[in-house]
Amino acid sequence: MLQKAGFRILSRITGNSRYREIKWAHRAKLNVIVCSRALVNIGIEMEKRYGIPFVEVSFFGKTEIANALRKMVSFFPKDRRLAEKVEKLIKHEERKLQSQLSHYESLKGKRVVLYTGGVKSWSMISALNDLGLDVVAVGIKKSTYEDEKRIRELVSDNCILFEDTSSANILKIMKETKADILVAGGRNQYLAIKEGFPFVDVNQERHRAYAGYRGLVNLAEDISRALSFYSSREFSKLLIKRSEEDIFIDPLKNAPFIGAVMALQGIESAAPLLHTTQGCNFLGKVLLIKHFREPISMFSTKIFTEEVVMGGMEKLKSTIENLREKGARLIAVITGAISHIKGEEISEDIVNQLEDSGLKLIHIPLPDYRGSLQRGYKEAVEKILGLIPSKEIMQKKGQINIIAGHHLTPQDFSEIKEISELFGLKPIILPELSSLDGSSSFSGIAKGGVTLEDIERMGDSEFTLVLGDSLSSLGKLLKERFGIEYRVFRSLTGIRANDEFVETLSLISGRKIPDKLQRDRKILIDTMRDAQFFLTGKKVALALESDNVFHLSNLLLDMGMQLKSVVLPENTENAEFISAEEVIIGSLSSIKGKYDLLISNSHAHRNAKRLRVPLYEMGFPVYKNFGYSQKLTIGYRGSINIICDLVNLLMKEGHL
């Protein structure tokens, strides 16, 4: 848009900028600042050093776009041609916009509660006003005094400005104002879904533009869709080498604390608490929410600079007490890089303070520079196993432990439980993530997982099944402490792996394999025979955590597919046993060559496009494939699902 208006963009200091651009930024005639709170200091400093003036603008909504363009032109008073070109562009775009927005006349008068933050609040109000929407309440928790002043200029006198942005208060305001829709960040999405009212995500992690003229149409379209969807339905509340790249671009690795937080969602009344700065946990929570499409229990002490230097123990104590009052029975204090480097330990007086209250506390040190999601998940599960008391073992017939990996979907957890119960067994699954399929109600504390009482009984089980290669040491740990035999299953896909699994359950229980599972096995064999014409010989690249690779590669090899390349975010103990032509420790940009299929997470869409190959989404995060939490990927039936998915994907993309 700016290029059409006649402006030459010299540098972009944005999330996708490049070093070479910033090198010549000092040659500009004007700095245009879009988010003043974050970048105004850069504008001030560049004005002092290089004499470059700056202007603060917004590009949300036609009113602010026109204001922004005219403000920018005012810094070039001698360039009449530029001014004429800008006015011509505004006139042309607004005329086109009028035609496009005529399809959304029904939006006028709809009542909106808005909570985004800072400069986005007033600029988004302007865009909503341009669409004829009525903003009845605005969250101002992150807004400066200047932001708040501008907000008041744009809303009516009876508009509510609120600082309490808790889910409970937002819900209260929605009801009191009789709002039609909540326009906010992704962390509030599942409050809206659970309570059954329309929602549009306007925060920066979204993948759809709302800035510019086209962006305003996108915003109108998304609001209209949300309103239409809910108006027509009633919902009850219900050979390993490191990448040759000098740096990693498009990282495959996720921070280890994400894995720990994921594991803790499977413990009833658990509360993961990050003892770190506020921003450190933001993206992780967003990814977890987008992946599971469910509310995620996750808190932070939100320490500031002075607390990092002087110590944040008092902040930690008060946050723990607050979580106890909210009903948490287990608090996992996860120390990130800042508190870890400082050497701050969880003091004994905090632990002593909790003993009498019945609250359990575990400490999981997970600096971001060490490990990935898979390691963080394993560290969390190991700490939870430490809650099992050392006592006289009273082995209970039919009770088994199942230690399940991060690579399983919520539906997989339900399937594991059902298969075990077919043999008359009583499984204690740790963690138990089946409730992240949408069946649990909205709660700030984890709900629906394995209880602390069941965890304490794990020492009395007669056998342990470990699902996931990275967790194999945990089976050994239970054997050393309680004498419980165990078996590790790297995969539960394909014929052989599932045969071994059900035969193991049959041996433990003393029962024959149920007719249902024998029938499912026959269907899988038939499906594999049908699909061989489509899949055998196909060349595959995988970019996943090692547990995902082991889990899936078993089925791919059963189908006669060629595992040409596997990219892992970090080296793991058994990575050398992956049956692929090459294994690379690298990033998504490390995927090079010619393939028929790429299997990776949703971040790999751009890489698949570069390689001109279909992408099958698995791993974490998956947010562009709807229904992933309800997807079954284990057992005979899960193997059938994956085979059908692969054939359909290749047929759709014209690769068969």
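These figures come from a predicted structure and were not determined experimentally.
Between the side chains of Q374 and S372, no donor-acceptor pair of N or O atoms lies under 3.5 Å. In this structure, a donor-acceptor pair under 3.5 Å is absent between the side chains of H275 and T335. Side-chain N/O atoms of S629 and D437 include no donor and acceptor closer than 3.5 Å. At a cut-off of 3.5 Å, with distance as the only test, a side-chain donor of H603 or Y623 sits close to an acceptor on the other residue.
Between L436 and R293 the shortest side-chain heavy-atom distance does not fall below 4.5 Å. Looking only at side-chain heavy atoms (C-beta outward), K631 and N641 stay at 4.5 Å or farther from each other. Residues V138 and I160 fail the side-chain proximity criterion, which asks for heavy atoms closer than 4.5 Å. Side chains of I181 and L227 form a contact here, defined as non-hydrogen atoms less than 4.5 Å apart. In this structure the side chain of E64 never reaches within 4.5 angstrom of the side chain of V57, judged on heavy atoms. Within the 4.5 Å cutoff, the side chain of E617 has no heavy atoms near those of the N601 side chain. At least one side-chain heavy atom of F59 sits under 4.5 Å from a side-chain heavy atom of M1. In this structure the side chain of F292 reaches within 4.5 angstrom of the side chain of M262, judged on heavy atoms.
Partners of Q98 according to the side-chain contact (heavy atoms from CB on, under 4.5 Å) rule, which considers only residues two or more places apart in sequence or in another chain, do not exist here. Residues forming a side-chain hydrogen bond (donor to acceptor under 3.5 Å, both in side chains) with D222 (at least two apart in sequence, or on another chain): R208, Y210. Judged as a ring pair (Phe, Tyr, Trp, His ring centres under 6.0 Å), and not counting sequence neighbours, the contacts of Y628 are H291. By the side-chain contact (heavy atoms from CB on, under 4.5 Å) test, H103 is found to be paired with no residue, residues two or more places apart in sequence or in another chain being considered.
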Exercise for review: Check the pair E87 / R70 against salt bridge (Lys or Arg N to Asp or Glu O under 4.0 Å), numbers first and verdict last.
Suggested key: CA-CA 8 Å; E87 292 301 326; R70 287 170 179 145; 2.9 Å; yes
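At a threshold of 4.0 Å, the pair K62-E93 does not count as salt-bridged, since none of the basic side-chain nitrogens sits closer than that to a carboxylate oxygen.
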Only pairs under 3.5 Å count here: list side-chain donor-acceptor contacts from residues 106-113, not counting sequence neighbours, and write none if there are none.
unit_1: K108; atom_1: NZ; unit_2: E105; atom_2: OE1; d: 3.1
unit_1: R111; atom_1: NE; unit_2: T177; atom_2: O; d: 2.8
unit_1: R111; atom_1: NH2; unit_2: T177; atom_2: O; d: 2.9

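Screening residues 152-169 for side chain to side chain donor-acceptor pair (under 3.5 Å), with sequence neighbours left out, gives E148-R152, S156-N158, D164-S166.
In this structure, K383 NZ and L330 CG are separated by 12.5 Å, a value rounded to the nearest 0.5 Å.
Of all heavy-atom pairs spanning V381 and P431, the tightest one is CG2-CD, 3.9 Å.
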